Amino acid sequence: MNRKNVLIVLAAISFLSACKGETNKMKEFDTNEKAVFAQARKEMIDAQIKRRGVKDERVLEAMFKVERHKFVPQTAQTLAYDDYPLPIGEGQTISQPYIVALMTELLQLKGNEKVLEIGTGSGYQAAILAELAKEVYTIEILESLAINAEKILRELNYGNVTVKCGDGYLGWKEHAPFDGIIVTCAPPYIPQPLIEQLAEGGRMVIPVGVYYQELKLLKKINGKIKTTDIIPVRFVPMTRENDKE
Ligand code: SAH
């Protein structure tokens, strides 16, 4: 091998080993990042969720498993486990972790249910539901958010979630009745189609109100609705198709 070729081979080897080093460094970085986010999730569950009284072990496990930082914009990832809602674009927000946990616990999911969510937003609540129920149907009125949520849910292999872009006020008649309905935007009153699409023995969790909002739990027992007020909350308003510009 002449000198020129040796230099070429050496350069190639050092280039390749540098690349390998970079890959290892990236892997190391990914592993560290995963561990840091997992620790943040653990702290979120202890300090924000358990401490405020959420006890359902399945809900706590799902909140630990689902990587909330993957559902927020890249620039907000380090804030994903903090105790407040975060912007997700289009003037909308992903709910505070505690509120997600509380609303999910109120549905008392055991694993076999069909659940409807109104207000897909980032898709995070849908992923939590997908961990706990059999089938999840979720409706988002803003197309760009529906597309993003569907993409991330598909990437994370949530094959039991179906996303649709539309007006959730009307529910999703084709798949009704639902054992659980969770509404993550606030209408001024409880939409009648949602009451009709709730299964016998089913539960609906919904924030209701304009300036003052109350989180309500509805249960359908022998065809009658029993309503309980849970806590005051603050959600983005439920908009209707004709509210869009
Ligand atoms: N559950 C979401 C948070 C959603 S914020 C999450 O986990 O990220 C509320 C969402 O409800 C917003 O994205 C908003 O666009 C949507 N929304 C408002 N009115 C709606 C309607 N009539 N039907 C469906 N979605 C609606």
Side-chain angles (χ1 to χ4, degrees), residues 41 44 49 59 62-63 65-73 76-77 79-82 84-107 109 115-133 136-153 156 158 161-173 175-176 178 180-195 197 204-210 213 215 233-245:
R41 265 195 312 284
M44 165 190 90
I49 299 177
V59 173
M63 297 291 297
K65 185 169 171 199
V66 179
E67 296 183 306
R68 184 172 158 97
H69 63 276
K70 296 203 168 148
F71 293 84
V72 303
Q77 285 199 343
L79 308 174
Y81 299 103
D82 290 353
Y84 39 71
L86 283 173
I88 53 169
E90 304 267 2
Q92 306 304 323
T93 52
I94 177 171
S95 310
Q96 181 189 14
Y98 164 64
I99 294 294
V100 174
L102 172 68
M103 290 175 79
T104 309
E105 183 176 62
L106 288 167
L107 290 177
L109 300 170
V115 179
L116 174 68
E117 179 195 25
I118 309 302
T120 317
S122 68
Y124 174 68
Q125 172 77 71
I128 296 285
L129 295 169
E131 293 286 342
L132 298 167
V136 180
Y137 294 89
T138 178
I139 309 177
E140 168 56 53
I141 203 160
L142 297 174
E143 194 178 18
S144 66
L145 293 181
I147 290 171
N148 271 346
E150 185 164 33
K151 183 167 167 277
I152 175 83
L153 289 164
L156 297 176
Y158 285 109
V161 183
T162 314
V163 183
K164 135 169 142 171
C165 181
D167 183 357
Y169 177 95
L170 303 167
W172 200 333
K173 230 176 173 174
H175 297 290
F178 299 97
I181 299 181
I182 180 167
V183 184
T184 65
C185 46
Y189 55 90
I190 300 165
Q192 187 59 29
L194 299 184
I195 294 178
Q197 293 174 27
M204 180 178 352
V205 186
I206 180 169
V208 184
V210 180
Q213 298 171 6
L215 186 66
V233 282
R234 203 178 176 85
F235 277 82
V236 296
M238 178 181 277
T239 53
R240 304 297 315 279
E241 289 276 296
N242 25 1
D243 297 343
K244 286 203 227 169
E245 292 144 66

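When a ligand or atom number is given, it counts from 1 through the structure's own listing order. Every value quoted in this text rests on a predicted model; they were computed, and no experiment measured them.
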Compare [options] and give the one whose heavy atom is closest to [atom].
atom                   : options                        : value
atom 9 (C) of ligand 1 : Ile118, Thr184, Thr239         : Thr184
atom 4 (C) of ligand 1 : Gly119, Gly89, Ala127, Gly91   : Gly119
atom 8 (O) of ligand 1 : Ser122, Ala186, Gly171, Pro187 : Ser122

Does either side chain, that of Thr104 or that of Gln125, offer a donor lying less than 3.5 Å from an acceptor on the other one? yes
Out of all atoms in ligand 1, which are within 4.0 Å of some heavy atom of [X]? Include the element for each.
X      : answer
Leu142 : 15 (O)
Gly166 : 23 (N), 24 (C)
Cys185 : 11 (O), 17 (N), 18 (C), 19 (N), 20 (C), 26 (C)

Donor-acceptor pair, distance only, cut-off 3.5 Å: does the side chain of [X] make one with the backbone of [Y]?
X      : Y      : value
Glu140 : Gly121 : yes
Glu67  : His69  : no
Gln197 : Trp172 : yes
Arg68  : Tyr81  : no
Gln213 : Phe235 : yes
Asp167 : Tyr169 : yes
Ser122 : Tyr124 : yes

Any N or O of [X] that comes nearer than 3.5 Å to an N or O of ligand 1?
X      : result
Ile94  : no
Arg240 : no
Ser95  : no
Ile141 : yes
Glu140 : yes
Gly168 : yes

Name the closest protein heavy atom to [atom], giving the residue it belongs to and the distance to 0.1 Å.
atom                    : value
atom 7 (O) of ligand 1  : Gln125 N, 3.0 Å
atom 5 (S) of ligand 1  : Thr93 O, 3.0 Å
atom 12 (C) of ligand 1 : Gln92 OE1, 3.3 Å

Heavy-atom distance under 4.5 Å between the side chains of Leu79 and Tyr84, does that happen here? yes
Note, Leu142 side chain near Thr120 side chain (heavy atom, < 4.5 Å): no
In this structure, does ligand 1 have an atom that sits under 4.0 Å from one of the heavy atoms of [X]?
X      : result
Glu117 : yes
Pro237 : yes
Thr120 : yes

Ligand 1 versus [X]: contacting region, heavy-atom distance under 4.0 Å:
X      : answer
Val100 : neither
Leu145 : side chain
Val236 : side chain
Ala126 : neither

Passes side-chain hydrogen bond (donor to acceptor under 3.5 Å, both in side chains), Thr138 versus Glu117? Steps please. CA-CA 5 Å; Thr138 178; Glu117 179 195 25; 2.8 Å; yes
Residue pair Ala80 / Val72: nearest heavy atoms and the distance that separates them: CB-CG2, 4.1 Å
Per side-chain contact (heavy atoms from CB on, under 4.5 Å), Glu90 is matched among Leu145, Val236, Ile141 by Leu145
